[in-house]
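Below is one structure, written out as structure tokens, with a few remarks after it.
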Amino acid sequence: MIQTEAVTIPDHIHGYPQVAFGGYVAGMLARRSGAETLRVDFRRAVPVESPLELPAGDPGHATLTAADGTLLAQAGPATLDITAAPLPTWAEALAATESALTSPKRPSTDCFGCGVECAPGHGLRLFSWPVHDRRDLMAAAWTPDPGLADAAGELPPEIVWSALDCPGGIAAFAFQRMPLGAVTAALTATQYRPMPAGADYLAHAWPVHHEGRKYTVGVALSTRDGELCALAEALWVAPRTPAG
């Protein structure tokens with residue numbers, strides 16, 4: 001029987017300051033659940049450097065709570081009803097990443113997923129940007145640092161799901177005019193094959209739907225040769241009062 005697991009998310013694994021990175025949290029629940037395809041719903045902001053618990057639960061399901069039992073996130077088996085958008089070429093992804101790193105429009109942050117201020121192995125350093133002459137397509141060329149790998153040299157669920165987070169949010173900001181301050185409210189994903197660290201990957205994201213404060217996007221991770229590794233649909237929610 002699975003026992004309750006005590007966890008603390010380190011401070012550097014954040015998106016917004018003092019808030020744990022959503023994709024990483026989702027990956028923790030995916031690892032705990034073991035379901036082939038999983039939907040993770042975030043109920044409250046998950047703090048970093050605070051005692052948290054992954055309680056025992058039904059097979060295929062997982063929850064994350066604060067030490068006092070407050071529900072922070074929950075996950076259960078799901079289906080994924082989206083198809084990956086046409087894959088950019090490796091050259092297009094490289095050009096997009098170069099644009100991301102040189103654009104004056106891109107803020108310099110220490111976000112665990114897309115922050116340029118993160119040292120290799122201390123963050124994903126996944127820099128996505130709109131693909132030139134490809135409508136509504138965000139892409140990045142990504143070679144994850146070996147410091148992100150598990151003992152077998154593969155990216156664990158926490159890192160794979162993290163890589164499925166920021167590209168979608170940036171796509172919603174760029175293509176759907178999502179206001180600043182938006183957060184990942186739900187992430188549904190599946191991983192098709194192992195992803196060794198140090199290999200080259202393509203990340204690409206595209207808008208799916210927008211209604212009111214809700215923004216739905218798709219995100220995919222593929223090998224450099226175009227084999228699909230992971231696929232996700234993310235729901236982002238904008239704040240009731242847009243951030244200044």
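Hydrogens, waters and symmetry mates play no part in the numbers below; they use all other heavy atoms, side chains included. Residues take their numbers from the sequence shown, with the count starting at 1.
Using a 4.5 Å cut-off on side-chain heavy atoms (C-beta onward), Arg43 and Leu71 make contact. When side chains are defined from C-beta on, His61 counts as touching Pro77, because their heavy atoms get closer than 4.5 Å. The shortest distance between side-chain heavy atoms of His204 and Pro86 does not fall below 4.5 Å. Contact of the Leu52 side chain with the Val46 side chain is registered, since non-hydrogen atoms from C-beta on lie closer than 4.5 Å. Side-chain contact between Leu221 and Leu164 is present, with heavy atoms from C-beta onward closer than 4.5 Å. Contact check for Thr65 versus Thr70: no side-chain heavy atoms found under the 4.5 Å cut-off.
In this structure a side-chain-to-backbone donor-acceptor pair under 3.5 Å is present from Gln191 to Arg193. For the pair Ser33 (side chain) and Leu29 (backbone), a donor-acceptor distance under 3.5 Å is absent. Side-chain N or O atoms of Glu98 include none that pairs as donor or acceptor with a backbone N or O of Ala95 at under 3.5 Å.
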Inset, instruction - Given side chain to side chain contact (heavy atoms under 4.5 Å, CB included), test Arg240 with Arg213 step by step and report yes or no. - result: CA-CA 8 Å; Arg240 288 184 172 84; Arg213 294 169 47 233; 3.6 Å; yes
Inset, instruction - Apply the test side chain to side chain contact (heavy atoms under 4.5 Å, CB included) to residues Arg106 and Ser99: give CA-CA distance (whole Å), side-chain angles for both, the deciding distance (0.1 Å), then the verdict. - result: CA-CA 9 Å; Arg106 182 183 178 89; Ser99 295; over 6 Å; no
Legend entry - side chain to side chain contact (heavy atoms under 4.5 Å, CB included) evaluation trace for Cys114 with Leu126: CA-CA 5 Å; Cys114 63; Leu126 201 168; 5.7 Å; no
Inset, instruction - Could you give me the CA-CA distance, side-chain angles and deciding distance for Ile13 and Glu158, then say whether side chain to side chain contact (heavy atoms under 4.5 Å, CB included) is met? - result: CA-CA 11 Å; Ile13 304 178; Glu158 290 88 340; over 6 Å; no
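Listed by chain and residue number, Phe112 satisfy the ring pair (Phe, Tyr, Trp, His ring centres under 6.0 Å) test with Phe21 (two or more places apart in sequence, or in another chain). Residues satisfying the ring pair (Phe, Tyr, Trp, His ring centres under 6.0 Å) criterion with Tyr201, sequence neighbours excluded, are absent altogether. With sequence neighbours left out, the side-chain hydrogen bond (donor to acceptor under 3.5 Å, both in side chains) criterion links His122 to no other residue. Glu233 pairs by the side-chain contact (heavy atoms from CB on, under 4.5 Å) definition with Leu80, Ile82, Thr216, not counting sequence neighbours. Applying the side-chain contact (heavy atoms from CB on, under 4.5 Å) test to Thr8 and every residue at least two apart in sequence or in another chain returns Glu49. With sequence neighbours excluded, no residue satisfies ring pair (Phe, Tyr, Trp, His ring centres under 6.0 Å) with Trp161. In this structure Ser50 satisfies the side-chain hydrogen bond (donor to acceptor under 3.5 Å, both in side chains) test with no other residue, sequence neighbours excluded.
Of all non-hydrogen atoms in Cys166 and Gly113, the two that sit nearest each other are SG-CA, 4.0 Å. Taking each heavy atom of Leu228 and Ala220 in turn, the nearest pair found is CD1-CB, 3.8 Å. The shortest heavy-atom contact between Arg32 and Ala56 is NH2-N, 3.7 Å. Contact detail for Leu64 and Val7: the closest heavy-atom pair is CD1-CG2, 4.2 Å. Taking every heavy atom of both residues into account, Phe173 and Met178 meet most closely at CD2-O, 3.0 Å. Across Ala172 and Tyr215, no two heavy atoms sit closer than the pair CB-CB, 4.3 Å.
Grouping the Ile, Leu, Val, Met, Phe, Trp and Tyr side chains by contacts below 4.5 angstrom, directly or via other members, places Leu187 apart from Val208. By the rule that hydrophobic residues join a cluster once side-chain heavy atoms approach within less than 4.5 Å of another member, Val217 and Leu137 end up as members of separate clusters. By the rule that hydrophobic residues join a cluster once side-chain heavy atoms approach within less than 4.5 Å of another member, Val160 and Leu231 end up as members of separate clusters. Leu180 and Trp236 fall within the same hydrophobic cluster, defined by Ile, Leu, Val, Met, Phe, Trp and Tyr side-chain heavy atoms under 4.5 Å apart, directly or through other members.
Atoms CG and SG, from Leu155 and Cys229 in turn, are 9.5 Å apart once rounded to the nearest 0.5 Å. Distance check: Glu92 CD to Arg134 CZ gives 4.5 Å after rounding to the nearest 0.5 Å. How far CD of Glu53 is from CG of Leu72: 10.5 Å, rounded to the nearest 0.5 Å. Taking OG1 of Thr97 as the start and CZ of Phe127 as the end, the distance is 8.0 Å to the nearest 0.5 Å. Between the CH2 atom in Trp129 and the OG atom in Ser103 there is a gap of 3.5 Å [rounded to 0.5 Å].
Applying the side-chain hydrogen bond (donor to acceptor under 3.5 Å, both in side chains) test to residues at least two apart or on different chains, the pairs with a partner in residues 173-188 are Asp165-Thr184. The side-chain hydrogen bond (donor to acceptor under 3.5 Å, both in side chains) pairs that include a residue from residues 138-151 are Thr143-Asp200, where partners are two or more places apart or lie in different chains. Residue pairs satisfying the side-chain hydrogen bond (donor to acceptor under 3.5 Å, both in side chains) criterion with at least one member in residues 10-21, sequence neighbours excluded, are listed as follows: His14-Asp110.
Cluster partners of Ile170, using a side-chain heavy-atom cutoff of under 4.5 Å among ILVMFWY residues and allowing indirect links, are Met138, Phe175. Alongside Leu87, the hydrophobic cluster contains Trp90, Leu94, Leu202 (criterion: ILVMFWY side chains under 4.5 Å).
Taking a cutoff of 4.0 Å between a charged side-chain nitrogen and a carboxylate oxygen, Arg125 and Glu117 do not qualify as a salt bridge.
No donor-acceptor contact under 3.5 angstrom links the side chains of Thr223 and Asp225, judged on distance only.
By the 6.0 Å contact criterion, CD on Glu36 is open, its count of non-hydrogen atoms from other residues, nucleotides or ligands being 12 or less.
The residue from Leu235, Val25, Val237 that alone fulfils the side-chain contact (heavy atoms from CB on, under 4.5 Å) condition with Phe42 is Val25.
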